[in-house]
Structures are given as C-alpha cells and as structure tokens.
Amino acid sequence: MTTLRLYNTLTRTKEDFGPIDPNNVRMYVCGPTVYDYAHIGNARPAIVFDVLFRLLRHIYGAEHVTYVRNITDIDDKINARALERRGGRNVPVLDVVRELTEQTYGVYRDDVTALGCLPPSAMPRATENIAPMIAMTQALIAGGHAYEAAGHVLFDVSSKPDYGKLSRRSVDDMIAGARVDVAPYKKNPMDFVLWKPSDANTPGWDSPWGRGRPGWHLECSAMIQSTFAGTDTIDIHGGGIDLVFPHHENEIAQSESAHHAHPLAKVWMHNGFLNVEGEKMSKSLGNFVTINELLKDWPGDVLRFNMLRSHYRQPMDWTVAGMRESWNTLERWYVEAGAGVGSGTISQSFLAALSDDLNTPQAIAELHKAGPDDLASGLMLLGFQPQPERLASKANVDADAITALIEARLAARKAKDFKESDRIRDELLAQGIILKDGPTGTTWEVKK
RNA sequence: GGCCUCGUGGCGGAGUGGUGACGCAGCGGAUUGCAAAUCCGUGAACCCCGGUUCAAUUCCGGGCGAGGCCUCCA
C-alpha cells in the first residue's frame, strides 16, 4: 500500500502521514469570509482540499474522515455592507448580517458544488460559536496568556516562547520590520486581539468584557475545539499560504495556550496563490474573476481540471488558453473513459502520484497513459463524473436539430453531393458546432 | 529592512546525482471527396557564475530575475 506523504509547513518537509485515529481522521480548512462573491483564487483551497478529502476517504473509508470548513461571518467588511444594506430599516444589524451572509454563502455553496466539491462534514459559522470563543478567552486570561486593556482582550505573545514557529519569524524581527502603528494599550507590539468592543451599529455579543465581538483568529481556534470535541489536536489544518501569518500562527498561539501546549494540528498545509493572465488579481486591474462569472462561460469540471493541472503549492497562472486546453482534454477523456466507468480499480501509479503530497499534475500524466478503466476510476477519485452525456458543452444546444442536419449531410455525401454536405458542415460551424467524422460515424462538439 | 517561495523545451507542467515525464502547439505519415477529428511517428529545455562529485538541471555558496508574507486577503 502506498503511504500518503504531505508537505508540512510547520517542518518545511514532506512527511509520512499517519492519523492520530484512523477511525476518525480530522481535517479543518479555513473557509470563506462571506461578504461578496468568491473569486477564482478562493476556489483553489476548496478544490485542493476536496481532493485531499476524497483521497483520505479512499484510504481510510468515507465514514472515517471528518472535514470541517468554517464560514466566517464576523468581519468588518461584512459589517460595513450590512450597514449599507440596512439603510433606514429598523432591524438589528445582526439580522441584516445574517441576511447578507446567508445569501453570499448560498452562492458560494452553489459555486463550489458546480466545481465538483463534496460538502464538508460540517460548516460551522462564527456567529453560532460565540460561547466557545468567550470560554477560550476566559481560559487564556486565567492561564496568564491574555489580558484586558482599554476594553479589549489581547493575547500576550510573550507568554508563548515558541510564538512564530509556523511562520518562522521571531518576535524581535517582526517588531523591527513592523510597518504599522501599534495600539498604545498593547504590552507587546505583536499582541493580537481576542475580543474587541462593538459600538451600537456593529454586531456584538455580551461578554465579561462588555458588548463586543471576537478577533478574527479566535473563531477558528474555538470552532476546532467545539466541532472536534474530545481532542486538542487534529490531523490536518489547511488554508491559503497567506494565512500562515498572522492567522494560523495566532490560532496556534491561542489553542496551544488554552490546551496545555498540546499541538493544534499535526500537519499544516497551504496552497499557493493564483495569478490571472500573468498578473495579480485585483479589482483595480479589472482582472478580478469570480467563480460565478466563470461558470457562465465554462463547465465547472473544466475549471476544476484546470486547477488540478498545477501542483497545489506552486503559484499558478489562470489563463483562458489553459482552460481551453483543459476543456479539450476533459472532453476527449469523458468519451474515452465512458466504457470504463464502474470498474472501481485505482491504478497504483495514479494513487502513488496523488499520495505524494497531492501531486495532481503527475497523477494527470498517469491518466494520459491509462486505459479506459484506470482513466475512469482515476477521474472519479479526483471528483469528476466521466460520462459523455454529461458533457456540459452540450447542455444548451438543440441536439435533435443537429442530429437531423448530420443525417442530411451524410445523405448528401453518399450521393457525392459534396457542395451540399460542405454547406451543412459550414452551417453547423456557424452555430458553433464542430463535426468529427470517425470510423463509427459522425460525432459533434461545441466549439470553445 | 526582515522572513519565505520560485526560475525546466514555443506554451503548460512534473521529476531526478548518471538512459532528460506528461499534455498542448509544431513537424512527418496514415486516414478523408476536401477538411476537422482520430491513429502512428518525431525534433525541442533545466536563469548566470563558482564549489562538491567519476558525474549536477538535481546538492552547497554567490549573483540576477519573478512572486508572497510582515496590514484585510485563498
């Protein structure tokens, strides 16, 4: 049996993966902040960790893997939009927040479903886990790891000697390189907020420190604790590479300080960033692409496949040319794999590639060498459904009309009326339909 | 300024101390009424300079270049 190896940001090496409890493999991934439509960069962790989820289920059994992806619905951008949205209505701001985040989250859920991602085992929301956050804050204060100052509760970085171990930064270096003004009430410039006060127009909850709201990092620590009850340490914690510092570093500080220094996670995994047509995605450059927009022009499985053509830790360039190539490959494979669906075997070379720190480009290369059975099962393990009739490119055209024209063209060809047969071919091409004459007849596809 | 990634053929993209994946495009052939599709075949790369080694694209050092984080961010 092939061993699963994963790159651990904590140790900066690839390690053999062995779950704490093979009957309950636990994975937590930082999910979306639901203030707006998710962009294609947000799709990367969703897809990458979905592949890992599927691989873990394959190895340990579907019922033995728990995958939690949170929903961040406490955030200043959300608050700002909720205030706008409320306008003159006389309703609590928290209700408007819920309205907004329900809607945004609904779109996100539909988007990632279209990308072929399985629903996680649980999707806890920050607003529904305030009590555990308050409890953890109290525990940190009691343990001498946090202090109250000017209405805030702050984590005392000096109380954790190994602070910085994930991002490999020393507190001294960070202070030296700091580019932001430090709040005067902090004991140490690197101390971060666990709890902060809310004004009347900001969502807030009653706490021992007055009406307020949690700091960003606290939600994950608290939700991991409450969702994975009974353990301090989970197997895998994932997210985008930009979360290494400060978010994950601070999660570690909070959770370990609250849990007798027990590690928060054994393996820390981080996906690389994504550029669009060679440039960083940003609203000012006008190349900000949401998953939702892309799904109007491209089948979800094409987007998924395109994402998996590069290794999850590598930076990747998202291009239209790449998506066309992905579409062509997938279309050809769906036809080729059709016969092999249901065989259920996974080839060793494919599994070995995937097990080597989720080397999807290598795994795809193996599929290029595979026959229909291995191709079909490999595609399915990666989260595709290789059925020709499912080809999304054929969804929105009148297949019967096309078939009728193809028949007419065949008749013309039989009669050696090539002028007519070519006319029909051109007519279809003008509609964006490409004909393919094969030994077993004529098939067609939609031009990309 | 500090910390950290990365630099492979025309393009995408793995990997390795010694026989240089894989895909797309290209080229040649088969096939076709002509194309397309398909099938077969094929040329082509490891940023620069040192070092270690019998041997480096792969290890070490330096340089150059690109990017990320240090502030909300997948």
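Order of the sequence lines sets the chain letters (A, B, ...), proteins ahead of strands, with each chain counted from 1. Values below: every heavy atom of this structure, side chains too, minus hydrogens, waters and symmetry copies.
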Among the candidates rG33(B), rC22(B), rG13(B), find the nucleotide nearest to the side-chain atoms of Ser310(A).
rG13(B)
Using a distance-only criterion (donor-acceptor N/O pair, under 3.5 Å, no hydrogens), is the base of rG33(B) paired with the side chain of Asp422(A)?
yes
Is any N or O donor-acceptor pair between the side chain of Arg425(A) and the base of rA36(B) shorter than 3.5 Å?
no
Under 4.5 Å between any side-chain heavy atoms of Leu428(A) and Ile402(A), yes or no?
yes
Give none if rU52(B) has no partner; otherwise give the nucleotide forming a Watson-Crick or G-U wobble pair with it, both distances under 3.5 Å.
none
Scanning all shown strands, the Watson-Crick or wobble mate of rC6(B) with both distances under 3.5 Å is rG65(B)
Does Arg313(A) contact rC6(B) through a side-chain donor or acceptor facing the base, at a distance under 3.5 Å?
no
For the rings on Trp333(A) and Phe305(A), is their centre-to-centre separation under 6.0 Å?
yes
So which one's nearest nucleotide on RNA chain B is more toward 5', Pro246(A) or Leu274(A)?
Pro246(A)
Paired with rA21(B) by Watson-Crick or G-U wobble geometry, both distances under 3.5 Å: which nucleotide is it?
none
Result of checking Trp195(A), Tyr147(A), Tyr185(A) against His152(A) for ring pair (Phe, Tyr, Trp, His ring centres under 6.0 Å)
Tyr185(A)
Rounding to an integer number of Å, can you tell me how far Arg81(A) CZ sits from rC72(B) C1'?
13 Å
Under a 4.5 Å cut-off applied to non-hydrogen side-chain atoms, are Asp75(A) and Val34(A) in contact?
no
rU38(B), OP1 or OP2 - any side-chain N/O from Arg332(A) closer than 4.0 Å?
yes
Counting only side-chain nitrogens and oxygens, does Lys280(A) get under 4.0 Å of the OP1 or OP2 atom of rG68(B)?
yes
In residues 400-420 of chain A, what residues come within less than 4.0 Å of RNA chain B, judged by heavy atoms?
Arg413(A), Phe418(A)
Output the rounded distance in Å from CH2 (Trp268(A)) to P (rU5(B)).
18 Å
Need the pair for rU31(B). Rule: Watson-Crick or G-U wobble, both distances under 3.5 Å, any strand; none if unpaired.
none
Selected nucleotide, minimal atom distance to Arg12(A) side chain, candidates rG33(B), rA14(B), rC4(B)
rC4(B)
Taking rG12(B), rA74(B), rA37(B) as options, the one with an atom nearest any side-chain atom of Lys436(A) is rA37(B)
Could you tell me whether Arg44(A) contacts a base, only the sugar-phosphate backbone, or nothing, with contacts defined as non-hydrogen atoms closer than 4.0 Å?
nothing
Residue Ile434(A), side-chain heavy atoms: nucleotide from rC73(B), rA36(B), rG12(B) that is nearest
rA36(B)
Quick one: label Ser167(A) by what it contacts on the DNA or RNA (base, sugar-phosphate, nothing), any heavy atom closer than 4.0 Å.
sugar-phosphate
For a quick test of reading the model: is some side-chain N or O of Trp333(A) closer than 4.0 Å to OP1 or OP2 of rG23(B)?
no
Assign Gly239(A) to base, sugar-phosphate, or nothing according to its heavy-atom contacts below 4.0 angstrom with the strands shown.
sugar-phosphate
Distance between the P atoms of rC73(B) and rG67(B), in whole angstroms?
23 Å
When the C1' atoms of rG9(B) and rA14(B) are considered, how many whole Å apart are they?
14 Å
Quantified in whole Å, what is the C1' atom distance between nucleotide rG12(B) and nucleotide rU19(B)?
26 Å
Taking atom P of rC70(B) as reference, at what distance in whole Å does atom NE2 of His248(A) sit?
13 Å
Tell me whether Phe273(A) and rG67(B) count as stacked here, given that the ring centres must be under 5.5 Å apart and the planes must differ by less than 30 degrees.
no
Of the nucleotides rC69(B), rC72(B), rA74(B), which one has an atom closest to the side chain of Pro45(A)?
rA74(B)
Side chains of Tyr105(A) and Asp73(A): is there a donor and an acceptor less than 3.5 Å apart?
no
Rounded to the nearest Å, what distance is computed from the CG atom of residue Asn250(A) to the P atom of nucleotide rC70(B)?
12 Å
Val267(A) side chain reached by Leu10(A) side chain, heavy atoms, under 4.5 Å
no
Side chain of Ala365(A) (C-beta onward), nearest among rA14(B), rC70(B), rA21(B)
rA21(B)
Excluding sequence neighbours, so at least two apart, what forms side-chain hydrogen bond (donor to acceptor under 3.5 Å, both in side chains) with Thr202(A)?
Asp199(A)
Between OH of Tyr312(A) and C1' of rG68(B) the distance, given in whole Å, is 17 Å
Looking at Asn359(A), I'd like to know whether one of its side-chain N or O atoms comes within less than 4.0 Å of OP1 or OP2 on rG15(B).
yes
Please check if the distance between the ring centroids of His217(A) and His248(A) is under 6.0 Å.
no
Name the closest nucleotide to the Lys77(A) side chain, picking from rC72(B), rA14(B), rA74(B).
rC72(B)
If we take the C1' atom in both rG65(B) and rA74(B), what is their distance in whole Å?
26 Å
Once you apply the 3.5 Å cut-off to both distances, tell me the Watson-Crick or G-U wobble partner of rU57(B), or none.
none
So, do Gln254(A) and Phe192(A) sit near enough that their side-chain heavy atoms are less than 4.5 Å apart?
yes
Rounded to whole Å, the CG-P distance (Asn306(A) to rG12(B)) equals 13 Å
Of the options rC34(B), rC24(B), rA74(B), whose atoms approach the side-chain atoms of Glu325(A) most closely?
rC24(B)
Can you tell me the Watson-Crick or wobble partner of rC73(B), both distances under 3.5 angstrom?
none
Pairing partner (Watson-Crick or G-U wobble, both distances under 3.5 angstrom) of rG43(B)
none
Under the criterion ring pair (Phe, Tyr, Trp, His ring centres under 6.0 Å), which of Phe228(A), Tyr28(A), Tyr67(A) is the partner of His237(A)?
Tyr28(A)
Determine the Euclidean distance between corresponding C1' atoms of rG10(B) and rG50(B); express it in Å to zero decimal places.
31 Å
So do Met136(A) and Ser221(A) actually touch side chain to side chain, heavy atoms under 4.5 Å?
yes
Pick the closest RNA chain B nucleotide for Leu435(A) and for Glu366(A) by heavy atoms, then say which residue is nearer the 5' end.
Glu366(A)
His247(A) near the nucleic acid: base, sugar-phosphate alone, or nothing, with a heavy-atom cut-off under 4.0 Å?
nothing
Using the P atom in both, what is the distance from rU52(B) to rC60(B), to the nearest Å?
16 Å
Nearest-angstrom distance, C1' atom, rU31(B) to rC40(B):
11 Å
Just compare rA74(B), rC72(B), rG23(B) and give me whichever is closest to any side-chain atom of Thr329(A).
rG23(B)
How many whole angstroms separate atom CG of Asp317(A) from atom P of rG7(B)?
15 Å
Just the rounded figure in Å: distance from C1' of rG13(B) to CE of Met307(A).
16 Å
If the P atom of rC22(B) is compared with that of rG29(B), how far apart are they to the nearest Å?
24 Å
Close side-chain approach of Asp242(A) to His270(A), heavy-atom, < 4.5 Å
no
